[in-house]
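Structure first, commentary second.
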There are 2 protein chains.
Amino acid sequence: MPVNSFEDYPMSWKPDKKQLVPPLYRSVASLLEYDILNGFLAPNTKLPPQRELADYLDINLSTVTRAFKICEVKGLIYAVTGRGTFVTPNIKNAIFMADSDENKNYIEMGIIKPLDSINSFVAQAIKSIAAKDYLENLLDYRHPLGMPYHRMAAKKWMQRFNMDVPIENIAITSGGQNSFSLILMALFHPGDKIAVDMYTYPNFIELAKILNIQLIPIEGDELGMKPERLDAVCRTNSLQGIYLSPSCNNPTAVTMNMNRRKEIAEVINKYGLILIEDDVYSFLAPNGYFPISHFVPEKFVYILSIAKSLSSGIRVAFIAYANQFVEKITYGIFNLNVKTSALNAEIITELINTGAAEQIIKKKREVSQERNRVYQKYFQFEHPSENPISFFRWLPLHKEWQLNQFEHVALTRGIHVYHSHRFLVKKDETPQFIRISLTSPKDSDELEKGLCILKRFLLES
Amino acid sequence: MPVNSFEDYPMSWKPDKKQLVPPLYRSVASLLEYDILNGFLAPNTKLPPQRELADYLDINLSTVTRAFKICEVKGLIYAVTGRGTFVTPNIKNAIFMADSDENKNYIEMGIIKPLDSINSFVAQAIKSIAAKDYLENLLDYRHPLGMPYHRMAAKKWMQRFNMDVPIENIAITSGGQNSFSLILMALFHPGDKIAVDMYTYPNFIELAKILNIQLIPIEGDELGMKPERLDAVCRTNSLQGIYLSPSCNNPTAVTMNMNRRKEIAEVINKYGLILIEDDVYSFLAPNGYFPISHFVPEKFVYILSIAKSLSSGIRVAFIAYANQFVEKITYGIFNLNVKTSALNAEIITELINTGAAEQIIKKKREVSQERNRVYQKYFQFEHPSENPISFFRWLPLHKEWQLNQFEHVALTRGIHVYHSHRFLVKKDETPQFIRISLTSPKDSDELEKGLCILKRFLLES
DNA sequence: ACATTTGTTGGTCTACATTTC
DNA sequence: CGAAATGTAGACCAACAAATG
C-alpha cells in the first residue's frame, strides 16, 4: 500500500500503475522507454527519486533500480547518486566528416584534415602497384593478419618511431578506429573499466559507450596524465586498461616527456593494466622518444594508424601487441573483419619501402610548423610540453559557454571549431577550451583569416 | 551452517571456504575462474550442483547462481537446467583461413574458396583505375558511407538480385563479416536474442558470442526455417532479431522458395524482429526470387557481400537497410571503421559498370555447376530445395563421430572437411552431417580425387 | 561538519522451468 | 508419466556510498 496519496503531488513522471504486468522491473522500464522515445519526457527532465516511485507504484525500491538500470544501459537516462536520475539529452559528440561538407561557407578548423593535398605520392604508388605482375596475389583470402612482406614494412615503420617488435606480434588492420574496435572487442568485456585522460579523443569515447565499456577520466597536468592520480584510482577501483596518446594527445596537444612516460608505465605495470597506446601522431613527436609500450612489454597494444601521417583514405593501421594477446587479437581480426585488403597494405608498404613515406612526413612536419607559426601571430602556446608542430591547438576559453551554443555562434561567424565538452567523458563544468585544427584550412592564408575571426569573436564575447 | 559434512563426499570442485571474502559471489567466481584457467578443472568437468555448493560454502543458493553467471558470461562454463553446470571445452569453431595453409598435403574441401583463380577481371579493373586522373579523389576522408557514385553501383548490383532501395538506404562496408559486426553493434545490445537456423554460419555464431548476443536456433525442414517454430519461440521469448541466408543457406545449401519466404516474413513482421538477411550467395539463386527483406520493409538489413561473387580480397560489401536504421547505422560505421576505402569500392564499381561483374558470376555459375556434376557421380542430392549449383554440399553422416575426431581422421586420409557440430549454436547430438566445399579444390580432377577418398572413408567407417 | 537525500550493491527467499530417471 | 534434480528469474531487504545543503 502506498503510504501517501500522490494525487496532487508534483511528480515529473507518473506511470500508470494499472499497466504494470510482471516482470515488474521490465514493465516499468518499457513504460519509461516509451515515454522518453515519444517525447512525453523532455531531455534533462529529473525523474522522481527511486524511492518515491517505488512507493507510488507500491513496489520495492530495488525493482525500480533495476528498471532504471535497463534504461540507463540503453542510454535513455543517467543517474547520479545523491542528485537523482535524469533523461539523457540526445547529443552525439563524436567527430566525423559528414557527407554534406563539400560547399560550406565557413572555414574548417573543427575536424582535423591530414594535409592530404600536399601528397601525390599515394596515387603514384597505386599506379606503380597496378603495373606489377603479382597483382593477383593480393586479391585472395590468405594472410588474415597481413602478408609477411607487409608486416615487415609495418615493423620497419614502427622502428622509425622507436617501437621494435617481431612480425609475429604485428597485424595489419583497417585503420585506427577499426583497431580500437578490435581491441575493445577482443581484449575487454562489457562493464570493464579503462582509464583515459580527462580530455580524450571523442571517437574513442563513443565507441566505448557502444560497447558498454566504462571510461574513467584521470586528471592530468601540463605533462599529461598524473601517475599519482592513476595510482589512486587503481587502488580503489578495479581497472582493466588504459588508453593514451602520448606523442600528441588529442585534443590537448601535450607531448609526454620520457620521465612521465616511465612513471605512468610503472603504475600500469603495478596494476597489470592493458595499455592501449594510440601513436597516430608519432611523426610529430621528437625523434628520440620511446613509446610507453616499450616499458610495458607484457601488456601493451600499440596502434600506428597511417591516416594522419601517410594517407587518410586507404584505411590501414599497423598494430603491435604483447605475446599474451596474440591469440585473442588474431581471433578478433577474424571475427571483426576477416582481414584487411592486401591491396591497401601493399600501397602503404610501397610508400614505406621507396622512401616516399619519409618524404611525406617531412613535408607535413614543415607545413604544420608553418601553420603553427601563423597561429602564434594570434595566440600563444600555454606551456612548453605542448607539441610545437601539432596539427591542432587547445585554447582556454575565458567565458562559460554551452557546447552547442558556442559552436553554433562560431559557425555563424564563419569558423568551425570544437568545444572542450566534446572531449569529456562526463560533461562537467571544468575550465573550458576550444580545439582549433590548423591543418584543415586550404592554406596558411585561409587559416589566418579563420584565426582572425576567432580572435575577434573571443575578444567581443 | 552446513547441513552435512562433506569431508568424504566426492565433489568435483571444492573451493576453499576460508578464501571467501565479500562480495561473496565475485569471490566464488574468481576462485572458479582461477581453477579453470590453471587447469585444476578439466574441460567438460561437471561442477557440483549449485545447491550443494551453496550448502558446502554455507552461502545462499542464488549467490552461487550469480557467481556461476559471471563465469558463464566469460565463456568458462555452461549450464543446462536439469542437467548441471560444466566446464566449457575450449573449442573455437569459426572457420578462417590460417596463415600456414600454403603447402598442405591434403585436398581442401573445408573452407569455401570463391573460385578467385578463374577471375582476372579484378586485376584488370585495378589497372584501369590506376590510369584514371581522378585517383586522388578516392584518397581522402570524405563520404564515410560511400561516394554517391559507388552507392549507385551498389544499388544497381542489388537490383540485379531483386532488391531495390534508394541510395540513401545503402552504405559501403568492409566486407560481409564487417557488416555483421556493424549491425550487431549498432542495432543490438548485449543480451539481445536473435533467431538463427539450426545450422548456421559459424563465424556469425562466434561474433555473436564475443558481443554477448544470444542466438536461438529454430528448427527447419527441407525448405529452411519453419515459420510455425519461429512463431512459437517468439510467443514465449522476447527476440529482437533474426539472421537468415535464404539464397543458399550455409551450410545446408537450402534455397528457400518464395512461399516459405513470405511465411517467414509474416512472422518477422508480426513480432517486429529485425531481419539480418545475408545474401552473399544471391548469384547462385534462381533469377526471379525476391529477398525476404522485400517483404519486411520496415525492419530489414540486407547484406550483399561481394566476397564470393566478385572478389574475396578487396573486402567490400554493400548493405541496404530500412529507414529507421539510417541514423544508427551511419553512426555505427563512423564508430567501427570511420569509412571503407573508396579505392576498393571504386574497383568493384568498375566491375559492375563495365559488365565484368556479370561475366564473372556467369563463369562462376558454370564452374560450380560442373563441380556439382562431379559431386553427383559420388553422392546424391537429398531433396529438391537444395541449391543445385551451391559452392558446397551438406552430406548426412550415418555413424556418430566427435567433431575433432572426424575432421582429424579425414585429414589423415588426405581431405579437409567440416563436421556439422561447427555449425551448431549448442553442440547437441542431432543427426550429423559434413559440409563439403566443391570450389576449393584446384580443379575438377582434384575435387574428384577428394570425393573418391571421402566416399571410401565413409564406406569403411 | 553532519544529517538528509538519493542511487548502488550484495545477499536472501520463493516460485518456476527444464531435464533426467 | 510423474517425481526428483537442477538451474533461472523476479522481487525484497538491508547496508552502503556519493552528493547536497
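Letters A, B, ... mirror the listed sequences (proteins, then strands); counts begin at 1.
Among residues two or more places apart in sequence or in another chain, the ring-ring contact (aromatic ring centres under 6.0 Å, His included) test is passed with A:Tyr201 by none. Not counting sequence neighbours, the partners of B:Arg229 by the salt bridge (Lys or Arg N to Asp or Glu O under 4.0 Å) test are B:Glu219. B:Lys399 pairs by the salt bridge (Lys or Arg N to Asp or Glu O under 4.0 Å) definition with nothing, not counting sequence neighbours. In this structure, the salt bridge (Lys or Arg N to Asp or Glu O under 4.0 Å) partners of B:Glu33, at least two apart in sequence or on a different chain, are B:Lys74. In this structure A:Lys46 satisfies the salt bridge (Lys or Arg N to Asp or Glu O under 4.0 Å) test with no other residue, sequence neighbours excluded. Checked against ring-ring contact (aromatic ring centres under 6.0 Å, His included), B:Phe68 has no partners two or more places apart in sequence or in another chain. Every ring-ring contact (aromatic ring centres under 6.0 Å, His included) that A:Tyr78 has, sequence neighbours left out, goes to A:Phe86.
Pairing of C:dT5, defined by two Watson-Crick or G-U wobble distances under 3.5 Å, is identified with D:dA18.
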Close N/O contacts between protein and nucleotides 1-4 of chain D (under 3.5 Å):
none

Close N/O contacts between protein and nucleotides 8-11 of chain C (under 3.5 Å):
| residue | atom | partner | partner atom | Å |
| --- | --- | --- | --- | --- |
| C:dT8 | OP2 | A:Gln50 | NE2 | 3.4 |
| C:dG10 | OP1 | B:Arg26 | NH2 | 3.2 |
| C:dG10 | OP2 | B:Tyr25 | OH | 2.6 |
| C:dG11 | OP1 | B:Leu24 | N | 2.5 |
| C:dG11 | OP2 | B:Leu24 | N | 3.4 |
| C:dG11 | OP2 | B:Tyr25 | N | 3.3 |
| C:dG11 | N7 | B:Arg66 | NH2 | 2.3 |

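Rounded to whole Å, the distance from CG on B:Asp55 to C1' on D:dT6 is 15 Å. Atom CD1 in B:Ile77 sits about 15 Å away from atom P in D:dT6, given to the nearest Å. Across the protein-nucleic acid pair, B:Leu47 atom CG and D:dA5 atom C1' stand 16 Å apart, rounded to whole Å.
Considering only side-chain N and O atoms, A:Arg83 lies under 4.0 angstrom from the phosphate OP1 or OP2 of D:dT20.
The aromatic rings of B:Tyr199 and B:Trp394 stand perpendicular to each other, their planes meeting at an angle above 60°, with 30° marking the opposite boundary.
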